[in-house]
Amino acid sequence: MRMRCTKLIINLADLRHNFFEIKKTVGEKIKVCASVKADAYGHGAVNCAKELESCGIDFLAVATVDEGVELRKNGIKVPILMLSLCCPEEVRVAVKNNLTPLVFDEEYIDLFEQAAALENAEEFSVHLAVDSGMGRIGCMPERSGILALYISEKPHLVLGGICTHFACADSLEQTDVDYTLQQLEKFNLACMSVEKAGINPGIKHCSSSAAALNLSSANFDMIRAGLILYGYYPSQITENYLASTGRKVELKKVMTFQTEVVAVRPFKKGQSVSYGHTWTASEDTLIAVLPVGYADGLRRSFSPGIKVCINGKLYPVCGRICMDQCMVNIGKDNADVKRWDTAVIFGTCPQGNAMTADDLAVLDSTISYEIMTGISKRVPRIYL
Ligand SMILES: *Cc1c(COP(=O)(O)O)cnc(C)c1O
């Protein structure tokens, strides 16, 4: 096992809890596709995928061929959706590993037909992506019938599903809610035109975490959930909001980013800390040194503002965060903090309230997704 003071603790029991909580919320009959792209949002794709497979997950979703291949190499058997397009050179590997692509034009469909023929694949499944308003990938809704027909005429392909993606399902603003409902209507029309062409559209799926919690009419046959599996609520769809609507969904944060105090050093009034001497002690104090920095994912922009949790109490990082280290002001005569004590950067602190990835996201004007996916490979993942 890799050892280092700085580590990411991943609680797989909490992942399991979140899966069943989500299952309870959307209903047993709705399939769940777990998004494990970007190394399962930093949690480690293989370990999370194995845990989810043992929970009975229906589908997994990745972004790249490499991500899918890694799961297959580790024995993952469930269907894997590939949410981004791959390059022509990767298509054959995708087919060989039975990764299910999202397709939406003739050229890309042809690439998969050719590869499926070369691999002697029978009924290689592809899902038709519809752009109902996200403006990313997908066909225009009115082309869905034609494309479904095109797929159905390919000897080695089968239409396994049809899907779309919402642009602002995490917002409660009326204009955004209206936009989502318009997207939903366009998707419904797209599904109808496939059915009118006499083709079974397969599994219908649209909702990522936000819509899964907030728009049950968009569940169709399957939801694609990422963020909520890892224990975070999407934007305005908070725990409090859900409770107020009578739909309590209790999620547990799966990831804890922590390190240890590697030194405690007395500082005199007037001594300064770190690059640019942006912070100077206004009185005699103790400074704790932590072996974690921006190369680990502790962004430079977090300071000032970030507080770390040591033995249940929050202490501010002072001065600039360095590549591999940062410093924390623990105050004068502090006997609560000792060398080798655990310092929680975000996640679960046994005795108290550590910051969350949401709190850190605010400090960098971003979202929790980017904080979690930003924890670098250098940080060992420890699984509970
Ligand atoms: C990443 C992604 C998801 C999962 O989104 P969450 O907000 O994490 O639930 C679902 N669908 C698509 C197309 C995605 O790219």
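Positions are given from 1, in the same order as the sequence printed here. Atoms within each ligand, like the ligands themselves, are counted from 1 in listed order.
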**Student:** Can you list, by chain and residue number, every protein residue with a non-hydrogen atom closer than 4.0 Å to ligand 1?
**Tutor:** S35, K37, Y41, L83, R136, H165, S208, S209, R224, A225, G226, L227, Y369
**Student:** Under 4.5 Å side-chain heavy-atom separation, chaining through any Ile, Leu, Val, Met, Phe, Trp or Tyr, what else clusters with M140? Say none if it is isolated.
**Tutor:**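 When side chains under 4.5 Å apart are linked, M140 ends up in no cluster with other residues.
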**Student:** Would a 4.5 Å heavy-atom cut-off, applied to side chains only, mark N329 and Y315 as touching?
**Tutor:** no
**Student:** Any side-chain heavy atom of N214 within less than 4.5 Å of one from R247?
**Tutor:**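 With C-beta onward as the side chain, the pair touches.
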**Student:** Could you tell me which non-hydrogen atom of R92 sits nearest to which non-hydrogen atom of A115, and how far apart they are?
**Tutor:** CA-CB, 4.0 Å
**Student:** Heavy-atom distance under 4.5 Å between the side chains of D221 and I30, does that happen here?
**Tutor:** no
**Student:** Quick check with a 6.0 Å cut-off and a 45 degree axis cone: is K24 positioned over the face of F20's six-membered ring?
**Tutor:** no
